[in-house]
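Structure, as structure tokens:
Letters A, B, ... mirror the listed sequences (proteins, then strands); counts begin at 1.
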Amino acid sequence: MKSPPLRGDSCSGASMDLTDRLTEGVRTALAKAGLPEPETCAWEVPRQAEHGDYATNTAMTLARAARRAPRQIADLIVANFPPLAEVERLEVAGPGFLNVFLSPAWCVGSLREILAAGPAYGRGAAEAGQRVRLEFVSANPTGPLVIVNARAAAVGDALARLLRAQGARVTTEYYVNDAGNQFEALARSFEARVAQELGEPVTLPENGYPGEYLIALAREYLEEYREREGGAPRDRRERTDLDEALGLGGETRLDRLGRWAVARMVESQRRILRDYGVEFDVWASEQRDVRAAGLPGRVLAELAARGLTYEQDGALWFRSTQLGEASGDDKDRVLRRSSGEVTYFAVDVAYHHYVKFAGADRVINLFGPDHHGYVPRMRAAMQALGHPPGSFEVLIVQLVTLLREGQPVRMSKRRGEFVLMEELLEEVGRDAARFTFLTRRHDSPLEFDLAVATRQTADNPVYYVQYAHARICSIRRQAAEQGVARPPLGETDLGPLATPEEIALVKRLLQYPDLVRGAARALEPHRVAYWLQELAGMFHPYYKTHRVIQDDRRLTLARLALCEAVGQVLRNGLDLLGVSAPEAM
RNA sequence: GCGCCUGUAGCUCAGUUGGACAGAGCAUCGGACUUCUAAUCCGAGGGUCGCAGGUUCGACUCCUGCCAGGCGCACCA
């Protein structure tokens, strides 16, 4: 059986990015009119319908170069615009806007392409050909993950998904700071807790970690030890000396205890993140992958060879200030202390240069605001080592101010008070937590009231979006029960889709590829979250006023196709955010 | 003192990288289920975009100066 010709359908096999084709039209028109062509056109979706489906200010931005009035240029574009199936008509408005009105018939016909593309709809190649190294969370292994880590995880993971959707080869990474001062502080604190569990009255070290989680960890350690060693160590009544009890001496004992604690911490962090839906390609170790590999020494030599270091007061300094204002650092930085130890900075520079950039053209790090002062010196170092400007990017993920019934909850690992990421997930749920974090710009401080978030679970925007998807699945189930099977794509007559709500929905779906591309380019996943809310906000009213399954079989099938397309895009969008798209709620 | 981030409706936040009369959710008030899921829908009120200048056809957006809050300014990480 041959598929019947479809009214108003024109399947262009071109890419799905509508604005690309509109830009081509404008460029063609300008060339024909003998006017200069712009590199690109900035397309926006006007707030008001009278301004069309897309609008560009190209005529205005071109006015100077073309030495013509904006409106005159716009008129010439309209007069010379090639006939496109996508476009119904063009208008010049205001100071020189070019407003594009899409052809409803073409829009409706494009549903076919959306459905055919399925999960691939919205994917593109805007970031193709680049290898991206993306590091995020990287919490110190000195304590459990807290709320801000959940935010960074949501943002980082969504960024990875976004960039991959645009063709980039992304390696995600969690960097474990298992060396240096903080590691030692952890080791000493843990040692103190172990001793305490053995009955010794021990006080915690200065700058240690007083959190109770180390007590629990100490008990686990001793339990494991007893199982392994068959009973030892005994408690204070029999043995009072820790070295003797654990059969280890001094630094060896400290190091072994510290490594054990770190391994446990990292394992627990990894598990929580996995439950959150975030898995990393690489778990890097500062100790193993950088220090033990001898990278810091190599990078010091390389910087010295470039004449970028000098000795003063017994320490080795990096000439950060000589790298020009592109780096923006305001003072030189120590690479090797007078004690002979390399600084964290030196280790980091080495790691970035030899490891991260070895496999990537672009390195993106998500930092907390407490590290923003660290960025200029890193940028200076990357520049000094020959990495092009812009290849090293840092996104600052701002803090989460936690409230409970309007009262601020202080968070400090040092003081041992905090709300754990685990607790957040338990109270709010994975999807709601991720979606909430992704409805804010990453560099905007966020207030999160736990009491409100838990109380208003049903009002959370994430459920609004998910519910739209669940409803569509429900319609599909209902249709199947009633024996309304959807015919093959090519045979579906989309002609009956004609109400303003239906046309508006299809036009909305057509924006999706541009949205994804823009969000990836700007590294702003929150755009996706907002857009999805608006899409759901169009579907729910449509559902309410237009019955999908009804007597008119032709109309039913067309509407089912529309619903499937909306459901597909909701699914694709939620997937970019790492949020589930439930079939039923 | 210097640097970074933030300041938009009562609250939490968007505002498409300078566009057209400033938006959403929550909260408040008033309505809608015998029909594909009411976690929904329809309607109403709510604003000097922190303040003052400047740039231009056009500013929430860019520049300067103030005000307020957060964070940072180590031979810590």
Side-chain angles (χ1 to χ4, degrees), chain A residues 42-48 50-51 55-57 60-61 63 69-70 93-97 99 140 142 177 179-183 185 207 286 312-317 328 330-331 333-339 341 343-345 347-348 368-376 396 398-399 401 406 436 439-441 443-449 452 456-464 466-468 470-479 481-482 511 514-515 518-519 521-522 524 526-527 529-531 533-534 536-537 539-545 547-550 556 559-560 563 584-585:
Chain A
W43 292 101
E44 62 160 9
V45 177
R47 209 183 298 281
Q48 280 148 293
E50 310 91 75
H51 296 148
T56 183
N57 59 354
M60 287 178 274
T61 57
F97 287 106
N99 294 337
N140 279 318
T142 49
N177 297 119
N181 294 343
Q182 291 199 22
F183 170 76
N207 298 322
E286 175 183 347
Q312 188 182 304
D313 304 327
L316 186 70
W317 296 72
D330 56 350
K331 57 177 291 191
R333 303 293 172 176
V334 172
L335 291 163
R336 193 184 57 225
R337 286 173 268 201
S338 49
S339 67
E341 291 173 71
T343 59
Y344 179 83
F345 172 55
V347 174
D348 221 17
D370 52 336
H371 283 68
H372 76 251
Y374 183 71
V375 177
I396 301 296
Q398 285 291 336
L399 291 177
T401 307
T436 301
T439 45
R440 267 77 167 181
R441 301 175 52 89
D443 58 352
S444 166
L446 183 158
E447 278 196 10
F448 202 116
D449 193 315
V452 173
Q456 296 179 342
T457 307
D459 297 324
N460 196 308
V462 69
Y463 298 114
Y464 185 77
Q466 289 182 320
Y467 186 47
R471 268 188 156 165
I472 288 165
C473 293
S474 174
I475 295 171
R476 183 197 302 145
R477 285 191 297 269
Q478 196 70 30
E481 265 179 43
Q482 298 182 20
Q511 294 170 12
D514 279 316
L515 169 89
R521 182 178 47 83
E524 291 185 350
H526 75 276
R527 293 189 193 185
Y530 272 90
W531 190 87
Q533 287 183 69
E534 286 163 7
F539 178 74
H540 284 305
Y542 172 71
Y543 172 89
K544 207 71 182 178
T545 52
R547 198 170 163 79
V548 175
I549 302 169
Q550 51 177 307
T556 299
R559 287 186 170 169
L560 277 174
C563 289
M585 292 174 71

Measure all distances between protein nitrogen or oxygen atoms and nitrogen or oxygen atoms of nucleotides 5-7 of chain B, and list the pairs falling under 3.5 Å.
unit_1: C5(B); atom_1: O2'; unit_2: Gln398(A); atom_2: NE2; d: 3.3
unit_1: C5(B); atom_1: O2'; unit_2: Asp443(A); atom_2: O; d: 2.9

Polar atom pairs between nucleotides 58-64 of chain B and protein, under 3.5 Å, N or O only, would you list them?
none

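Within 4.0 Å (heavy atoms only), Thr439(A) reaches sugar-phosphate atoms of the nucleic acid but no base atom. The residue Asp313(A) sits close to a base: some heavy atom pair falls under 4.0 Å. Contacts of Pro95(A) with the nucleic acid, taken as non-hydrogen atoms under 4.0 Å apart, include base atoms. Counting non-hydrogen atoms under 4.0 angstrom, Ala470(A) reaches a base of the nucleic acid.
Residues that satisfy the ring pair (Phe, Tyr, Trp, His ring centres under 6.0 Å) test with Tyr542(A), not counting sequence neighbours, are His546(A). Judged as a salt bridge (Lys or Arg N to Asp or Glu O under 4.0 Å), and not counting sequence neighbours, the contacts of Arg559(A) are Glu502(A). His371(A) meets the side chain to side chain donor-acceptor pair (under 3.5 Å) test with no other residue; sequence neighbours excluded. Partners of Asn177(A) according to the side chain to side chain donor-acceptor pair (under 3.5 Å) rule, which considers only residues two or more places apart in sequence or in another chain, are Glu286(A), Tyr344(A). Listed by chain and number, the residues in a salt bridge (Lys or Arg N to Asp or Glu O under 4.0 Å) with Arg337(A) are Glu341(A) (sequence neighbours excluded). By the side chain to side chain donor-acceptor pair (under 3.5 Å) test, Gln533(A) pairs with no residue at all, sequence neighbours left out. Looking at residues two or more places apart in sequence or on another chain, you find a ring pair (Phe, Tyr, Trp, His ring centres under 6.0 Å) between Phe448(A) and Phe437(A). For Arg441(A), the side chain to side chain donor-acceptor pair (under 3.5 Å) partners at least two apart in sequence or on another chain are Asp443(A), Glu524(A). Here Trp531(A) pairs with Tyr512(A) under the ring pair (Phe, Tyr, Trp, His ring centres under 6.0 Å) rule; sequence neighbours left out.
For the pair Leu446(A) CG and C71(B) P, the interatomic distance rounds to 16 Å; values are reported in whole Å. Going from atom NE2 of His540(A) over to atom C1' of C33(B) covers 16 Å, rounded to whole Å. If you take OH of Tyr530(A) and P of C13(B), they are 9 Å apart, rounded to a whole angstrom.
Side-chain nitrogen and oxygen atoms of Tyr464(A) include none within less than 4.0 Å of the OP1 or OP2 phosphate oxygen of A38(B).
Taking a pair as Watson-Crick or G-U wobble with both distances under 3.5 Å, RNA chain B forms stems of 3 or more consecutive pairs at B:1-7 with B:67-73, B:10-13 with B:23-26, B:28-32 with B:40-44, B:50-54 with B:62-66.
Of the P atoms belonging to U6(B) and G46(B), the separation is 30 Å, rounded to the nearest Å. Between G31(B) and A68(B), the distance separating the two P atoms is 47 Å to the nearest Å. To the nearest whole angstrom, the two C1' atoms, one in A24(B) and one in U56(B), are 31 Å apart.
In this structure, His371(A) does not pack face-to-face on the six-membered ring of G72(B), missing the 5.5 Å centre cutoff or the 30° plane limit.
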